[in-house]
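Presented below is the structure to which this report refers.
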There are 2 protein chains.
Amino acid sequence: MPRIVDHHERRRVVAEYAAQLVSQGGLDAVTMRDVAAVAGTSTAIVSHYFRDKNELLRYTYTVAADSARGRIAAVLDADPGNVRGACESLLPIDDDRRQDWRIWFAFWGLAASEASFAEIHRDRTRFMVDTLTRAVRVARPGTRTAQAREIARGLLTVVVGIASQATFDPAEWTPTQQRRSMATQIGLLLPEA
Amino acid sequence: MPRIVDHHERRRVVAEYAAQLVSQGGLDAVTMRDVAAVAGTSTAIVSHYFRDKNELLRYTYTVAADSARGRIAAVLDADPGNVRGACESLLPIDDDRRQDWRIWFAFWGLAASEASFAEIHRDRTRFMVDTLTRAVRVARPGTRTAQAREIARGLLTVVVGIASQATFDPAEWTPTQQRRSMATQIGLLLPEA
């Protein structure tokens, strides 16, 4: 088992280097050789962990998705009804989260044309909707699941909409503006009982 | 002048072929040679219109942005206060609009890492916010510009959020579901006076 854990960890480390390259220069900036170079290893080692660039990219995409899942889970573990905190944990308001979104958007072209990437995209979205649905039901006990789900979809729609604009126009979409827009929409979707 | 008009038209036709390729297979699917092949012409002719792949892609991105601008303008020319129609004109609820969004998303990776693409993205977003701001003020006379702008931002945020989910998960986001979510959010952002 230690060998396998180690193998998983190393894959993840390689994918994190790939993620940095993607966030800086898009998918074209990533080759097995580039990743080996920034990771300070050889192409042969990278090829040991990933059969080809496509497998490396797919795993990199999954890692970026996991990082967002980790953030929202941490907020809701601490306070299961903290809808606002959960939403804000996803917004591109610091360097790490900005990098996550740049990576995420870099893959959208692939997700729009390749089924295996579309599946990762869909899984992440569904996880977020399920998670936010639970948070909404904690925040507003008695809300029916279908209605909570509709609210959760609305919240995620707003998160994606803000993130997509803020990533490309950070001057217009400062963290303050992002939080303000998010708070306004939360107020509309989830009015005080 | 006729020569110039012709030149512009031909550039646009070539870009439309490139757009089809992008929507089917992402940016990697596009080479000057591929575009020449689907356009039934030679690489030399394509090179006459576009210096390189980057220039071709930048123009293709602009054409996709123009097509969305044309749709929203047509709705508001007919009825300047038709906020709901304007928003729906942007949603991926038919093949043409689905293709536009797939193209749009295909370019997000580039827009996140290259300034000239980020600029096209920003221009489109600002045009949409300005256009929706005017529509909101017609629909709700007396609304202050700053407030109308905030509502317009909210509406566009919802459009982008719905489109991004619907493009990758069309089974969950049918046209009916898209319209319903849009209508709910319009009702929240722009309550009946």
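Everything quoted here is computed from the prediction, not taken from an experiment. All values below come from the heavy atoms of this structure, side chains included, with hydrogens, waters and symmetry mates left out.
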How long is the straight-line distance from OG1 of A:Thr62 back to CZ of A:Arg11, given to the nearest 0.5 Å? 9.0 Å

Please check if any side-chain donor atom of A:Arg102 sits under 3.5 Å from a side-chain acceptor atom of A:Thr167, or the reverse. no

Does any heavy atom of chain B fall under 4.5 Å from the side chain of [X], the backbone, both, or neither of them?
X: A:Leu27; value: neither
X: A:Thr125; value: side chain
X: A:Leu189; value: both
X: A:Glu114; value: neither
X: A:Gln24; value: backbone

Ranked by heavy-atom pairs below 4.5 Å to chain A, first place among B:Ser181, B:Ser164, B:Ala118 goes to B:Ser164

Residue among B:Gln165, B:Glu172, B:Arg126, B:Arg153 with most heavy-atom pairs under 4.5 Å to chain A: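 Of B:Gln165, B:Glu172, B:Arg126, B:Arg153, B:Arg153 has the most heavy-atom pairs under 4.5 Å with chain A.
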
Is it the case that more than 12 heavy atoms not belonging to B:Arg84 sit under 6.0 Å from its CZ atom?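 It does not: B:Arg84 CZ has 12 such atoms or fewer within range.
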
Does a sphere of radius 6.0 Å around OH in B:Tyr17 hold more than 12 heavy atoms from other residues, nucleotides or ligands, not counting ones at 6.0 Å or beyond? no

Test the A:Arg10-A:Tyr49 pair against the cation-pi criterion, namely NZ or CZ under 6.0 angstrom from the six-membered ring centroid and within 45° of the ring axis.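 Verdict for A:Tyr49: no cation-pi partner in A:Arg10.
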
Heavy-atom pairs under 4.5 Å with chain B - which of A:Gln185, A:Glu119, A:Arg180 has more of them than the others? A:Gln185

So which residue, A:Val22, A:Val160, A:Leu188, ends up with the most heavy-atom pairs under 4.5 Å with chain B? A:Leu188

Picking from A:Arg137, A:Glu150, A:Arg134, what satisfies side-chain hydrogen bond (donor to acceptor under 3.5 Å, both in side chains) with A:Thr145?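 Only match with A:Thr145 under side-chain hydrogen bond (donor to acceptor under 3.5 Å, both in side chains): A:Arg137.
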
Run through A:Asp100, A:Asp95, A:Asp94 and flag the one making a side-chain hydrogen bond (donor to acceptor under 3.5 Å, both in side chains) with A:Arg97.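 Going through the options one by one, the only one that passes is A:Asp94.
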
